[in-house]
Trainee: 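First, the structure itself, so that you have it in front of you.
In this text the structure is predicted, and so the values were computed from the model without any measurement. In what follows, residues are counted from 1 in the order of the sequence shown.
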Amino acid sequence: MTRLTRCDSDLVVASPSATFGLPEAKRGLWAAAGGIPRVVRTFGMQKASEIVLAGRTLTAEEAKDLGFCRVSASPDSLLDEAVTLAKEVADMSPDAVVVSRAGLRETWETASVDRSAQLVSDRYAKGILEG
């Protein structure tokens, strides 16, 4: 099972046999390394409650249906499909990718569209527009 503490990854390509969850409560613990807030942000309160409190494990298809990942055609094609996706990103303007990712991350961290847009603009607009 893949622990959901890494659900803040930019892009996720999962094997069809992958599973995702936070099994700590089943073992008398809690996900103390940041998994709980990440699951809430990613899946919303109700689905996160099911994952965290009930120890629910998501299949790759369920995670895909919830918008968390794409699922490779087969376990054997996983690496090739992930590399293809990475190449699509790498073929774009590096500056555009860096600033766009910063915008995504800032929005994720601040949870404010207006604030994140302002922070990214303040940080990168001058360099991009003059460069």
Trainee: Output all residues satisfying side-chain contact (heavy atoms from CB on, under 4.5 Å) with S100, sequence neighbours left out; order by chain, then residue number.
Mentor: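 Listed in chain order: nothing, the list is empty.
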
Trainee: Parallel, tilted or perpendicular: which describes the rings of F68 and F43, with under 30° parallel and over 60° perpendicular?
Mentor: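 Ring orientation of F68 relative to F43: tilted.
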
Trainee: Over all heavy atoms of both residues, which pair between C69 and A60 is shortest? Give the atoms and the distance, please.
Mentor: SG-O, 3.9 Å

Trainee: Can you confirm whether T42 sits close enough to W108 that some side-chain heavy atom of one is under 4.5 Å from a side-chain heavy atom of the other?
Mentor: yes

Trainee: Where the side chain of S93 meets the backbone of A96, is there a donor-acceptor pair that is under 3.5 Å apart?
Mentor: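 Yes.
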
Trainee: Give me the atom names and distance for the closest heavy-atom approach of T57 to E62.
Mentor: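 Scanning both residues, the minimum pair turns out to be O-OE1, 3.8 Å.
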
Trainee: Other members of the hydrophobic cluster containing L11, with the 4.5 Å side-chain heavy-atom rule, please.
Mentor: V13, L78, L85, V89, M92, V97

Trainee: Which atom pair, heavy atoms only, marks the closest approach of A102 to Y124?
Mentor: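 For A102 versus Y124, the nearest heavy atoms are CB-CE1, 3.5 Å.
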
Trainee: Locate the shortest heavy-atom distance separating P75 from S17; write the atom from each residue and the value.
Mentor: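 Closest approach of P75 to S17: CG-OG, 4.4 Å.
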
Trainee: What pair of heavy atoms forms the shortest contact from R27 to P23, and how long is it?
Mentor: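 In terms of heavy atoms, the two residues are closest at NH1-CB, 2.7 Å.
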
Trainee: Should V39 and L66 be regarded as members of a common hydrophobic cluster, given that ILVMFWY residues are connected when their side-chain heavy atoms come within less than 4.5 Å of each other, either directly or indirectly?
Mentor: yes

Trainee: If I take atom CG from residue L58 and atom CD1 from residue I51, how far apart are they, to the nearest 0.5 angstrom?
Mentor: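 One finds 4.0 Å between CG of L58 and CD1 of I51.
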
Trainee: For residues 78-92, which residue pairs qualify under side chain to side chain donor-acceptor pair (under 3.5 Å), counting only residues two or more places apart or in two chains?
Mentor: S77-E81

Trainee: Enumerate the residue pairs fulfilling salt bridge (Lys or Arg N to Asp or Glu O under 4.0 Å) with a member in residues 42-52, sequence neighbours excluded, ordered by first and then second residue.
Mentor: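 Qualifying pairs: K47-E50, E50-R56.
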
Trainee: Once you round to the nearest 0.5 Å, how far does CH2 of W30 lie from CG of L22?
Mentor: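 If we round to the nearest 0.5 Å, W30:CH2 and L22:CG are 13.5 Å apart.
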
Trainee: Can a donor-acceptor pair be found, under 3.5 Å and without considering hydrogens, that links the side chain of K64 to the backbone of V71?
Mentor: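 A pair under 3.5 Å: no.
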
Trainee: What residues, two or more places apart in sequence or in another chain, satisfy side chain to side chain donor-acceptor pair (under 3.5 Å) together with T107?
Mentor: S116

Trainee: Can you list the residues that meet the salt bridge (charged side-chain N to carboxylate O under 4.0 Å, His left out) rule with R123, with sequence neighbours excluded?
Mentor: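 For R123 the salt bridge (charged side-chain N to carboxylate O under 4.0 Å, His left out) partners, ignoring immediate neighbours, are E106.
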
Trainee: Regarding Q118 and D122, is there a side-chain donor-to-acceptor distance under 3.5 Å anywhere?
Mentor: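 A donor-acceptor contact under 3.5 Å links the two side chains.
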
